[in-house]
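These notes concern the structure reproduced below.
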Amino acid sequence: MLGALLLLLALSNAVNTRGGDSDRQCEYKLALDLDPRPHSVSITEFGAVGDGKTLNTVAFQNAIFYLKSFADKGGAQLYVPPGRWLTGSFNLTSHLTLFLERGATVLASQDPSHWDIVEPLPSYGRGIETPGRRYRSLINAYGLRDVVITGDNGTIDGQGSFWWDLFTSHSLNYSRPHLVEFVEAKHVVVSNITFLNAPAYNIHPVYCSDVHIQNVSITASPESPQTVGIVPDSSDNVCIEDCSISMGYDSISLKSGWDEYGISYSRPTSHVYIRRAYLQSYSGAAIAFGSEMSGGISDVHVNHVSIHSSSSGVEFRTTRGRGGYIEDITVSDVDMDDVHIAFGAKGHFGSHPDENFDPNALPVLRYITLKNVVGRSITVAGNFTGISESPFTSISLSNISLSLNSGSVTSWICSDVSGSSSSVLPEPCPELAGSSSNSSSAGISSITAIGNSAAL
């Protein structure tokens with residue numbers, strides 16, 4: 001009970017600081033290591049064998065079913081000792097800590113029959129990669145409260161090469177699974193874990209509130225197609241800090257639904273704080289907004305981030321038919337090295353789920369602040385290509401110094417965009433070269449517009 005009270009107090013303090021700076025927002029600690037769960041069992045007590053060959057799906061399912069009975073008794077912990085624990089997909093339960101000891105690896109099966117098939121998310125209307133249903137993620141939390149996945153740097157290995165081959169050969173029957181997915185969950189913690197070789201996404205909180213992801217390492221092969229590290233999706237009050245992520249596509253990607261389905265579901269991603277991250281994105285962006293953003297994305301703070309050896313640094317993506325908005329975004333104190341495009345905002349990016357989207361649903365992108373950035377070996381400083389019917393506005397650039405490499409031909413590309421800049425090298429395009437006084441007024445307008453953003 002003491003642990004539950006501490007949790008509620010921490011959450012209350014977190015909510016009270018909303019609207020403050022990201023440092024304050026991320027100070028709350030949801031992990032229950034201050035007061036461990038009063039009940040704990042080992043996966044071996046349910047017949048699991050950590051030889052990397054024995055399938056342990058039933059052992060995980062039975063252990064969690066047993067621990068469900070402790071939900072009203074302070075919760076429980078499922079302990080995974082050193083070993084290689086092969087499993088198919090399984091569900092967690094509320095008031096549970098899944099603890100992976102150092103040397104423990106939860107190993108995802110490469111047999112598709114060991115992965116359940118589930119309906120598509122309502123804000124997407126279909127699987128991302130194939131029409132219809134999708135494979136359930138390896139570890140799932142649906143409609144749960146107070147769920148922790150942590151350990152002493154244990155590992156969750158998706159063995160994703162099998163799924164990558166299916167994707168590239170267009171042989172998927174359903175959309176690829178993720179490693180960990182939280183759906184309509186609250187008070188979620190993921191910490192001190194290594195993620196390897198996800199089939200698609202690694203950590204996917206969707207329709208969630210109060211999510212804290214801290215001190216995780218996420219890696220996939222540079223050739224892994226469309227693999228993504230962390231995907232906050234139609235979720236609010238999300239803190240991501242002290243993470244190292246190296247992916248085939250995006251490191252961190254914020255989303256909120258796809259075209260008419262996301263517009264109808266109307267759940268934005270908001271109050272997201274990302275700090276002290278070390279990011280690498282081979283073919284995508286280190287930090288991406290969209291392109292599926294039809295429910296809206298707002299109030300995002302990114303600071304003290306290092307981006308290296310990446311195709312793109314920070315990128316905003318949308319297209320006609322998306323609707324929604326991306327606004328009130330601040331990215332500051334960023335160090336870049338060997339990045340092809342430092343900043344991008346693309347108004348013609350991504351496909352549509354079906355033919356029923358509304359081409360007149362124009363997205364809005366505005367009140368974007370990019371400041372205190374140093375970059376070396378950059379090919380293109382910025383590519384801001386808006387939508388003629390809905391230009392990108394109120395883009396503020398300040399205190400940015402980017403050293404272009406010898407192969408650079410054009411430093412800035414701009415169309416259908418407007419904003420201001422101060423102390424930016426190389427000098428931005430005329431559309432973004434307004435006076436710094438405009439930057440101040442844009443910030444005030446952003447705060448005023450937050451209450452109206454849901455109507456966009």
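Side chains included, hydrogens not; waters and symmetry mates left out as well; all remaining heavy atoms used. Owing to the predicted nature of the structure, the values given are computational and were not obtained by experimental measurement.
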Are a donor atom and an acceptor atom from the side chains of N215 and N192 found within less than 3.5 Å of each other?
yes

Is a salt bridge present between D233 and K255, judged by a nitrogen-to-oxygen distance below 4.0 Å?
no

Please determine, by modelled atom types, if H212 and E241 share a side-chain donor-acceptor pair under 3.5 angstrom.
yes

D338/R376 ion pair, N-O < 4.0 Å
no

Just checking, any donor-acceptor pair under 3.5 angstrom between side chains of Q77 and S40?
yes

I'd like to know whether the aromatic ring centres of F316 and F349 sit less than 6.0 Å apart in this structure.
no

Heavy-atom donor-acceptor pair, H178 side chain to Y201 backbone, under 3.5 Å:
yes

Is there a side chain to side chain donor-acceptor pair (under 3.5 Å) between N237 and S209 once you walk through the steps?
CA-CA 6 Å; N237 197 17; S209 296; over 6 Å; no

Side chains of D111 and S113: any donor to acceptor distance under 3.5 Å?
yes

Taking only residues two or more places apart in sequence, or in another chain, which ones meet H95 in a side-chain contact (heavy atoms from CB on, under 4.5 Å)?
R37, A71, D146

Taking the cut-offs as 6.0 angstrom to the six-membered ring centre and 45 degrees off its axis, would you call R267 and Y207 a cation-pi pair?
no

Would you kindly say whether Y261 and D354 are connected by a side-chain donor-acceptor distance under 3.5 Å?
yes

Are S191 and Q214 close enough that a side-chain donor and a side-chain acceptor fall under 3.5 Å?
no

Ignoring hydrogens and angles, state whether a donor on the side chain of N202 or H204 is under 3.5 Å from an acceptor on the partner side chain.
no

With distance as the sole criterion, is a donor-acceptor pair present between the side chains of N56 and T54 under 3.5 Å?
no

Please check if the distance between the ring centroids of W163 and Y135 is under 6.0 Å.
yes

side-chain contact (heavy atoms from CB on, under 4.5 Å) with E45: which residues, sequence neighbours excluded?
V41, S42

Just checking, is any N or O donor in the side chain of Y79 or E101 under 3.5 Å from an acceptor N or O on the other one?
yes

Using a strict cut-off of less than 4.0 Å between a Lys/Arg side-chain nitrogen and an Asp/Glu carboxylate oxygen, indicate whether K186 and D236 qualify as a salt bridge.
no

Taking 4.0 angstrom as the limit, do R134 and E181 come out as a salt bridge?
yes

Check: H308 ring centre within less than 6.0 Å of Y278 ring centre
yes

